[in-house]
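Counting from 1, the numbers follow the sequence of the chain as shown. Computed from a predicted structure; not experimentally measured.
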Amino acid sequence: MAKKTKQDPEHEGPVDLASRIGARPAPAPAPPRPPAEAPLPPRLDGPLPSRRDRPTFIGGEEPSPPPVPTFETPEEEQAAPPIVSPRTPPRPGEIDIVATPLPTLDDWHRFELALRKVRGVGQVRTEYYRHGVLKVRVSYEGHDRLAHALRVVPGYRVRVIGEDRTTIQILVSSEGDERRPG
């Protein structure tokens with residue numbers, strides 16, 4: 001191995017050999033100046049230039065909505081238009097069933113088919129299914145309350161956790177999904 005020699009602290013960087021042999025060092029290149037009025041080349045990755053004089057807003061050509069009626073005094077009250085809602089309360093003979101957990105769409109579909117087989121249950125209409133919660137509206141004609149009739153949904157264990165005049169909330173588990181305490 002070669003032996004390392006100590007160097008002067010002056011010579012730690014690169015050495016300009018041209019100045020040692022008498023040649024003049026080359027001047028550093030000057031940075032190029034941008035042309036005074038030259039346009040920039042178009043960017044290929046940027047936004048496309050607008051073809052219109054003014055920006056177009058979504059819905060900008062639609063008429064503005066009608067003004068909201070204000071009620072200042074009882075004499076000036078006018079009949080406000082009714083608010084249209086897609087959700088309506090159950091009619092006589094109908095009741096909403098909110099069932100959980102039904103984690104997959106297959107579980108929801110199988111439970112809905114089994115619910116149609118319960119004695120006294122007529123039409124079954126799905127209101128919504130989100131995050132494992134199913135809400136169906138059923139028509140029911142029977143001697144017992146629907147909460148009692150739901151005990152015999154084929155293939156499922158049903159536990160009623162809440163009930164009022166228009167809604168029954170239930171916990172559902174399939175017969176084959178018995179969970180034993182550990």
Side-chain angles (χ1 to χ4, degrees), residues 43-182:
R43 290 185 56 175
L44 299 176
D45 64 339
L48 296 175
S50 175
R51 294 182 187 173
R52 299 178 181 222
D53 294 339
R54 61 179 178 83
T56 302
F57 296 104
I58 297 174
E61 297 173 3
E62 295 177 1
S64 59
V68 177
T70 57
F71 303 110
E72 295 175 7
T73 60
E75 293 87 28
E76 295 178 7
E77 279 190 32
Q78 300 173 1
I83 298 173
V84 179
S85 173
R87 293 186 181 174
T88 58
R91 291 180 279 179
E94 291 183 337
I95 193 160
D96 289 337
I97 298 175
V98 180
T100 189
L102 295 168
T104 66
L105 294 174
D106 287 340
D107 295 332
W108 157 38
H109 186 64
R110 276 190 234 111
F111 179 74
E112 198 175 68
L113 291 176
L115 191 60
R116 293 174 192 270
K117 295 178 183 176
V118 173
R119 176 171 281 177
V121 172
Q123 181 182 7
V124 177
R125 187 174 67 234
T126 302
E127 293 284 314
Y128 68 79
Y129 172 77
R130 276 186 222 112
H131 307 293
V133 177
L134 171 68
K135 180 180 178 185
V136 292
R137 183 163 293 171
V138 300
S139 61
Y140 177 70
E141 294 177 7
H143 299 292
D144 293 336
R145 293 184 3 238
L146 180 58
H148 292 298
L150 289 176
R151 292 181 184 167
V152 291
V153 176
Y156 290 92
R157 290 184 94 190
V158 176
R159 187 172 134 217
V160 177
I161 57 173
E163 179 181 12
D164 66 4
R165 280 189 357 220
T166 60
T167 308
I168 296 177
Q169 295 177 336
I170 59 175
L171 288 176
V172 177
S173 63
S174 63
E175 295 275 330
D177 188 26
E178 297 292 324
R179 300 186 189 248
R180 296 179 183 160

* Look at the aromatic rings of Tyr156 and Phe111 and report parallel, tilted or perpendicular, splitting at 30° and 60°. =>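 Ring orientation, 0 to 90° scale: perpendicular.
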So do [Y] and [X] actually touch side chain to side chain, heavy atoms under 4.5 Å?
{"X": "His109", "Y": "Leu113", "value": "yes"}
{"X": "Leu150", "Y": "Val121", "value": "no"}
{"X": "Ile97", "Y": "Leu146", "value": "yes"}
{"X": "Leu134", "Y": "Val98", "value": "no"}

* Asked: How would you list, by chain and number, every residue that makes a side-chain contact (heavy atoms from CB on, under 4.5 Å) with Arg151, sequence neighbours excluded?
  ->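 Arg151 satisfies side-chain contact (heavy atoms from CB on, under 4.5 Å) with His148 once adjacent residues are dropped.
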* Asked: Can you name the side-chain contact (heavy atoms from CB on, under 4.5 Å) partners of Pro90, sequence neighbours left out?
  -> Glu94, Asp96, Arg137, Thr166
Any idea which heavy atoms bring [X] and [Y] closest together, and the distance?
{"X": "Tyr129", "Y": "Leu102", "result": "OH-O, 2.5 Å"}
{"X": "Ile170", "Y": "Ile161", "result": "N-CG1, 4.2 Å"}
{"X": "Val172", "Y": "Pro101", "result": "O-CD, 3.5 Å"}

* **Set of residues satisfying ring pair (Phe, Tyr, Trp, His ring centres under 6.0 Å) with respect to Tyr140, sequence neighbours excluded** =>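 Partners of Tyr140 by the ring pair (Phe, Tyr, Trp, His ring centres under 6.0 Å) criterion come out as none, since no residue qualifies.
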* Ignoring hydrogens and angles, tell me if any N or O in the side chain of Ser139 forms a donor-acceptor pair with the backbone of Gly93 under 3.5 Å. => no
[X] [atom1] to [Y] [atom2] distance, which is reported to the nearest 0.5 Å:
{"X": "Ile168", "Y": "Ile95", "atom1": "CD1", "atom2": "CD1", "result": "4.0 Å"}
{"X": "Glu112", "Y": "Arg125", "atom1": "CD", "atom2": "CZ", "result": "11.5 Å"}
{"X": "Arg130", "Y": "Thr100", "atom1": "CZ", "atom2": "OG1", "result": "13.0 Å"}

* Asked: Above 12 or not: heavy atoms from other molecules or residues under 6.0 Å from CZ of Arg116?
  -> yes
